[in-house]
Amino acid sequence: MTTLFTSYRLGGLTLPNRVVMAPMARVRATASGLATPSMATYYAQRATAGLIVTEGTQPSVIGQSNPGTPGLHTDEQAESWRPVTAAVHANGGRIFAQIMHGGRVSHFDTIGMQPVGPSAVPAVGDVFTPTGLQPAPMPRALDTAEVPEHARSYAEAARRAVDAGFDGVELHGANGYLISQFLSSNANLRTDRYGGSIANRIRFAVEAVAATVEAVGGDRTGIRFSPGGSIWGVEETQVRELYTALLTELATLGLAYVHLEGSTDEEVLVALRRAWPGTLIMNPGRPMGPKQTSRDDADHWLGLGADLISFGRAFLANPDLVERLRVGLPIAPVDEATYYQGGDAGYLTYSAHQYTA
C-alpha cells in the first residue's frame, strides 16, 4: 500500500519518501539577492524530505516581489546557491528552486522601477517594501512584444539554477504572481493573444514552461498552481475548464510534476488530478488559511490519487518533520512573528526531537 513513506521515482531522482517541503518565503537573502550560509544550514536541516522546493527566487530585477528575497539572474547569485545545494546533497537530500516573477505584486521602492503585469490593474492589498508595507501600485501593462521576454526569464533562471547544483526548478504559477495574473479573469484584461479566451489566458504559462523545458529538460521542471485562489485579489472564471485546458497543454511537455494547492473545492481538484497524466504534488492546506497540513490530510490525498504531499508551515519549526510524521510525534508550533523578521531566530533555532532507539 502506498504511504507517505513509500519511495517514489521523480524524473531522474529516487525520493525516499513522498513528503515535499513546500516553497515558503523567509526573506533571509542579502540586499543583492544572494543566498547566505544560514540558508544553506536551513535547507540542509530539512534534507530528509523526499524533495525540498525553495522559497520563491526572482528571475530578473523587475521580477522581484519582496525585499530580502534571493535571485537567480546574475552569476554572483547563482554562485551563492552552490553552498546551499551542496549542503542539501551532503545530507542526502534533493532540492528544486522555485522561480517566482512577482509581476504587479511589487513596488518601485523594491525594484527601482514600475512593476509590470498583464494589464494596468493593481493588486489588492499592501505590498512589502524596504520601508514597510505600502499600497500595491498601479502596474504597467506589458506590450505584446515584451511578453515572451518575461516568459523566457524563467528559463534563463532555470539554467542558472541547474548550473548551481539544483536538481530542478518549480515555476511559481500560483498565488497571484505573474503567471497567475495572466490566468486571471480580472488581473488580465488584455485583448491580444495573451488575454480573453481560456486558450489565450493560458498561453503565457505554457510559453514559460516550454522555454524552461527547452533550457533544462522536462524531468527537471515542475510548476505550482492555486486553482480558484484569490490571493492579491486575483479572480478566475471557469476554474475547472481553465486548468483542464492548461494541464492538457502541459501534458505534452514531459514535466517532472504539477503542484496544486487546496485552493478550490475538492471535486474540482480531483477532476484536475484525473486530467493530469503525470506526477501530482498536492498541498492540501488552503493558502493563507489557519490550518496546517496533517498526516490525515496527506493520507486522504494519497487515497485520491496524489503522488506526493507538500507540507509548508509544519516544516518551519520541525526540521525533522518526516520522522515526526513517521512515528506520530506532535508537530511543534511555529513562532509566526519570526516568519519574515530576518536573522537566525525562528529560522535555525528549531531543533529536532531527541529520538531513542
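- With 3.5 Å as the limit, one finds a donor-acceptor pair spanning the side chains of Thr131 and Thr129.
- No side-chain donor-acceptor contact under 3.5 Å links Arg26 to the backbone of Tyr340.
- Side-chain N or O atoms of Ser263 include none that pairs as donor or acceptor with a backbone N or O of Gly228 at under 3.5 Å.
- Here the side chain of Asp163 pairs no donor or acceptor atom with the backbone of Arg160 at under 3.5 angstrom.
- By the 6.0 Å and 45° rule, Arg28 stacks over the aromatic ring of Tyr347.
- Heavy atoms only, all atoms of each residue included: Ala187 and Pro118 are closest at O-CB, 4.0 Å.
- Checking Gln45 against Tyr350 by side-chain atom types alone, no donor-acceptor pair falls below 3.5 Å.
- Sorted by first and then second residue, the salt bridge (charged side-chain N to carboxylate O under 4.0 Å, His left out) pairs involving residues 325-337 (not counting sequence neighbours) are Glu323-Arg326.
- Gln181 contributes no side-chain N or O that, together with a main-chain N or O of Val234, makes up a donor-acceptor pair within less than 3.5 Å.
- Side-chain atoms of His353 and Asn318 include no donor-acceptor pair closer than 3.5 Å.
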>> Please determine whether salt bridge (Lys or Arg N to Asp or Glu O under 4.0 Å) holds for the pair Arg82 and Glu79, giving the CA-CA distance in whole Å, both sets of side-chain angles, and the decisive distance to 0.1 Å.
In response: CA-CA 5 Å; Arg82 290 186 186 277; Glu79 193 64 28; 2.9 Å; yes
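- No donor-acceptor contact under 3.5 angstrom links the side chains of Asp126 and Gln134, judged on distance only.
- Using modelled atom types and a 3.5 Å distance limit, the side chains of Asn175 and Glu261 yield a donor-acceptor pair.
- Relative orientation of the Tyr43 and Trp81 rings is tilted, given thresholds of 30° and 60° on the angle between their planes.
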> Does the side chain to side chain donor-acceptor pair (under 3.5 Å) test come out yes or no for Thr69 and Glu55, once each step is laid out?
Replying inline: CA-CA 8 Å; Thr69 54; Glu55 62 214 275; over 6 Å; no
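- Judged as a side-chain contact (heavy atoms from CB on, under 4.5 Å), and not counting sequence neighbours, the contacts of Leu189 are Ser119, Val121.
- Taking the charged nitrogens against the carboxylate oxygens, Arg159 and Glu156 have no contact shorter than 4.0 Å, which rules out a salt bridge.
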